[in-house]
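Okay, so here's the structure we're looking at.
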Amino acid sequence: MTSLAERPVNPKVGESVTHESAAPHVTGTALYTDDLAFRAAGVLHAWPVQAPHAHARVTALRPAPALQVPGVVRVLTADDVPGVNDAGTKHDEPLFPTEVMYYGHAVCWVLGETLEAARLGAEAVEVEYEPLPSILTLTEAIEANSFQGNQPTVSRGDAAAALAAAPRRLSGEFELGGQEHFYLETHASLAHVDESGQIFIQSSTQHPSETQEIVAHVLGLHSHDVTVQCLRMGGGFGGKEMQPHGLAAVAALGAVLTGRPVRMRLNRTQDMTMTGKRHPFHARWEVGFDDDGHLLALQATITADGGWSLDLSEPVLARALCHIDNAYFIPNVEVHGRIARTNKTSQTAFRGFGGPQGMLVIEDILGRCAPVLGIDPGELRRRNFYEPGQTTPYGQPVRHAERLRDVWDQVVARSDYEDRRKAVAEFNARHPHLKRGIAVTPVKFGISFNFTAFNQAGALVHVYKDGSVLINHGGTEMGQGLHTKMRQVAATALGVTLDHVRLAPTRTDKVPNTSATAASSGADLNGGAIKNACDQIRARLAEVAARKLNIHPDDVRFVDGRVTGIGFHDSDLSFEEVASAAYFQRIPLFAAGYYRTPGLHWDSARMQGEPFKYFSYGASVSEVEVDGFTGAYRFLRTDIVHDVGDSLSPLIDVGQIEGGFVQGAGWLTLEELRWDTSDGKGRGRLATQAASTYKLPSFSEMPEELNVHLYERATETGVVYGSKAVGEPPLMLAFSVREALRAAAAAFGPEGTVVELPSPATPEAVFWALDGARSAAAPAEQVDASGDGGRRVAASDDGSRETAASHDDGARRVAASHNGDQEVAASENGAPEVAASQNGARDVAASHDGAREVAAANGTIRRGAAHGGASSAGNGESRETPTASAGADTEETVGI
Ligand code: MTE
Ligand code: MOS
């Protein structure tokens, strides 16, 4: 038997093949869970009764009026639950709640002969609520001490002492937004019950085994009573890792109670208002550098907005903590993590699983600090890369750290970065109202589930007498091409052509106790299991063939569906002949395969260990162009070099890199979730609940030129056929877009301007950032804090008083007349001029706020205080950053 990573001759892995469902996808014949409902007879449709409160007690619930609506068959309530009334694994998610925890929370479900009947029935259900106080924002949660779950800390060395001794110290705050998955297929399940009470659920789920477990809990059954199948998903992106369970349980409960199939499919609005999203984060940080820009210490507290229940928030936070270093060696680290409980949807897994949030914190820090340190941001990043032999703050050696520089240097060369930087500077010198920015950022991402037990997988491989092969594995297909890769793995391991191998839908009765298809580990884990099953079968077939060919079994070769011996060029057998012969010799032609990732251990209490099998590396260069009048931007070009080991399927991998990158760019630029944070009736309501208000990247937001290059000669020993995971890491290649936007915004100000960029960096946010840069003081005054830190703080003190004052002013003016937008126009025109004087700058800051007030008056929700500091003068909060006694003269504040 060969090693896991070794490839035989003519392997099917490594070939560029199209996605196994590409033709059905584009012709519309591919079936998704909800399509199956229309093939079943007597199906009932489910509709939720969603609460119109962010937080409330249900004081009465009267289903009776719904039953008067024609076509309504049943109303499902807590009283119907035979088992545990809980949708999660943490027992903090009542499936039918008596306390509404977020606006849109489903309190009960109506089943109807038609969807319309169910909808009308849901309107007729009478619910009485007693509203309770609610917490919506991270700021509110932190103030109210509203936290849930563990509060882990990652630490190494003595961060406090190292900070105190650091020649350069900077501190700040950062708040970053969440993200809606917006998979094309919304949540769906279809439940059947058979004559023996066996439940069969088709579900759009990344984790069929856990869906099975939760359904069994809710119904008071055992796992063997429930089978879950997932044909394919129209995207999951982490949103279907845990969120499908409760929905499947409602469908299953309905099927049990009515004896009829029950179809559950959320429409887009329901999906957006009911299901979890990427966690927003808040970070407060302090960082120390030596005079050359080497990181010496990082102290931070990061707070994830978990929404109303824990769901996957703890592991998401753990991954954020394990990625706050990204590609950089930080000798002294102390990072505390905590999870806010807020009255919003329960935030959940989303591509990168907290990793992107942790990495964004350090990338934001470096992007903000570089101009203060007077070092080019790219150079500052490269200077801090891990070196071979160094370990992460949680104690894992950084395997193949040299690839960081390699990948970086390659992308710099391939993108003509140096020449284009000069071209960008020349362009900017010629264009007062249009600026370009170019930036390069790295990615290092750990592969494996932090929770060691999840790193196992099973497979079931059948060879039929005619030589055709059917493979089952525990992974689910969500568009990422896992099934395509698994066919290639099986064909390679058995030495047959791709058309020999067919893949059966993922089912819990074929492969039990599976892990979620998540953490990008689907191919590593299931590929390992499939190869293991195929190796067993091939070894048996080698004995059969050896007898026929009159050679030793070790000398039998399986290539492209032919079975031969070393050096045999004329006599060979077909795979079919050997399979058939094996059957007649009563040799079993099927096998169960198993794989467990070796060498992992993780102590989640101490946050120490080696949780990852390896790291994935990548780097990207992006160039953008920003309009100084509106903040609107274009993505001109992105170049990527990414490490997928030896690719199992290059076309699939390039697709994953492109898709991940664009999804990351969407998160960082356009996609903005807004909740109603007013005290009005709609408090807690998701304001962006459709594609009309939630802006997704589309073709027009693709970089005009996008070049993806797979890192070469990248064999990852110890992983199936030398490959690496690809699903999540490319999302973080989009950091270069954000940093390019920062650079472009800075180019509106004097050289070395510090730009604080909210996340997402929407055109609106970019406008305020560049407007702040335009009015920024000369960098010498701005940055030379060390000596005259006091003065600078005093200065911004004044500024903020001004701001507060004119704030009111603006509001009053707007209230008085609708001429407010003239004020905005004025400040836009004024901006280029005011850069000249300090006073002017203050005036601009003032009219900024006026402008924001105007926007508010026009119905745009006002940005929170955290975003108010877009002008580089900083705002009030930045000064509250601990100006600790001794450090006062060395400490620099990069604003909030
Ligand atoms: N690609 C597509 N097209 N659709 C998806 O839903 N999910 C991503 C990524 N790529 C996703 C995708 C996420 S969150 C993960 S964890 C991985 O795919 C999961 O699949 P894998 O482990 O097989 O890479
Ligand atoms: Mo992916 S967020 O691990 O499903």
Side-chain angles (χ1 to χ4, degrees), residues 153-163 165-168 285 287-300 318-335 355 358-363 365-366 369-370 373 375 377-412 440-448 450 599-603 606-619 641-643 645 711 714 716-719 724 729 732 735:
T153 295
V154 169
S155 69
R156 160 166 72 193
D158 186 341
L163 277 176
R168 308 300 298 268
W285 52 267
V287 69
F289 294 93
D290 69 14
D291 288 320
D292 296 328
H294 293 114
L295 283 157
L296 297 176
L298 171 68
Q299 223 172 17
R319 186 164 280 265
L321 289 168
C322 289
H323 284 79
I324 201 164
D325 56 336
N326 190 16
Y328 313 112
F329 176 66
I330 317 173
N332 298 283
V333 174
E334 182 186 328
V335 185
M359 290 157 71
L360 181 54
V361 170
I362 191 74
E363 291 302 334
I365 291 175
L366 295 179
C369 293
L373 299 171
I375 302 175
E379 173 55 26
L380 180 64
R381 291 187 162 89
R382 194 177 189 280
R383 217 173 266 186
N384 280 289
F385 281 169
Y386 277 107
E387 302 278 358
Q390 289 178 329
T391 59
T392 65
Y394 47 90
Q396 169 139 12
V398 181
R399 178 174 158 77
H400 291 158
E402 69 282 359
R403 287 193 186 182
L404 273 170
R405 281 207 164 75
D406 221 15
V407 160
W408 177 276
D409 292 346
Q410 284 186 23
V411 82
V412 162
V440 50
T441 56
V443 168
K444 163 183 137 289
F445 192 81
I447 300 297
S448 296
N450 269 72
L600 305 178
H601 70 96
W602 179 240
D603 180 340
R606 288 175 50 246
M607 293 292 284
Q608 289 290 317
E610 297 189 21
F612 306 125
K613 173 85 173 128
Y614 58 87
F615 294 99
S616 286
Y617 300 105
V641 173
H642 193 75
D643 168 21
Y711 182 68
E716 183 62 36
T717 53
V719 183
K724 274 188 178 181
M732 289 142 279
F735 290 147

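Both backbone and side-chain heavy atoms feed into the values below; hydrogens, waters and symmetry mates do not.
- Considering only residues two or more places apart in sequence or on other chains, Asp409 meets the side chain to side chain donor-acceptor pair (under 3.5 Å) condition with Arg382.
- Residues meeting the side-chain contact (heavy atoms from CB on, under 4.5 Å) test with Arg383, sequence neighbours left out: Asp292, His294, Ile375, Glu379.
- Scored by the side chain to side chain donor-acceptor pair (under 3.5 Å) test, Tyr614 finds Asp524 as partners (sequence neighbours excluded).
- Scored by the salt bridge (Lys or Arg N to Asp or Glu O under 4.0 Å) test, Arg156 finds no partners at all (sequence neighbours excluded).
- Scanning for side chain to side chain donor-acceptor pair (under 3.5 Å) contacts around Tyr617 gives an empty result, with sequence neighbours left out.
- Between Tyr386 and Thr392 the shortest side-chain heavy-atom distance falls below 4.5 Å.
- Partners of Ala161 by side-chain contact (heavy atoms from CB on, under 4.5 Å), not counting sequence neighbours, listed by chain and number: Asp158.
- In this structure His642 satisfies the ring-ring contact (aromatic ring centres under 6.0 Å, His included) test with no other residue, sequence neighbours excluded.
- Using cut-offs of 30° and 60° for the angle between ring planes, the Phe445 and His323 rings count as tilted.
- The side-chain contact (heavy atoms from CB on, under 4.5 Å) test applied to Glu610 returns Gln396, Pro397, His601, not counting sequence neighbours.
- Checking each of Asn450, Val398, Leu600 against Phe612 for a side chain to side chain contact (heavy atoms under 4.5 Å, CB included) leaves exactly one that passes, namely Asn450.
- The shortest side-chain heavy-atom distance between Asn326 and Leu366 does not fall under the 4.5 Å cut-off.
- Using a 4.5 Å cut-off on side-chain heavy atoms (C-beta onward), Pro393 and Leu321 make no contact.
- Partners of Phe735 according to the ring-ring contact (aromatic ring centres under 6.0 Å, His included) rule, which considers only residues two or more places apart in sequence or in another chain, do not exist here.
- For Asp643, the side chain to side chain donor-acceptor pair (under 3.5 Å) partners two or more places apart in sequence, or in a different chain, are Arg403, Lys724.
- Qualifying side-chain contact (heavy atoms from CB on, under 4.5 Å) partners for Ala320, counting only residues two or more places apart in sequence or in other chains: Phe281, Ile302.
- Partners of Arg381 under the salt bridge (Lys or Arg N to Asp or Glu O under 4.0 Å) rule, at least two apart in sequence or in another chain, are Glu363, Glu739.
- In this structure the side chain of Phe615 never reaches within 4.5 angstrom of the side chain of Leu404, judged on heavy atoms.
- Contact annotation: the side chain of Val411 approaches that of Val440 to within less than 4.5 Å [non-hydrogen atoms, C-beta and beyond].
- Residues Met359 and Lys444 form no side-chain contact, since every pair of their non-hydrogen atoms from C-beta on lies 4.5 Å or further apart.
- Using a 4.5 Å cut-off on side-chain heavy atoms (C-beta onward), Ile330 and Ile362 make contact.
- Side-chain contact between Phe329 and Phe385 is absent, with no heavy-atom pair separated by less than 4.5 Å.
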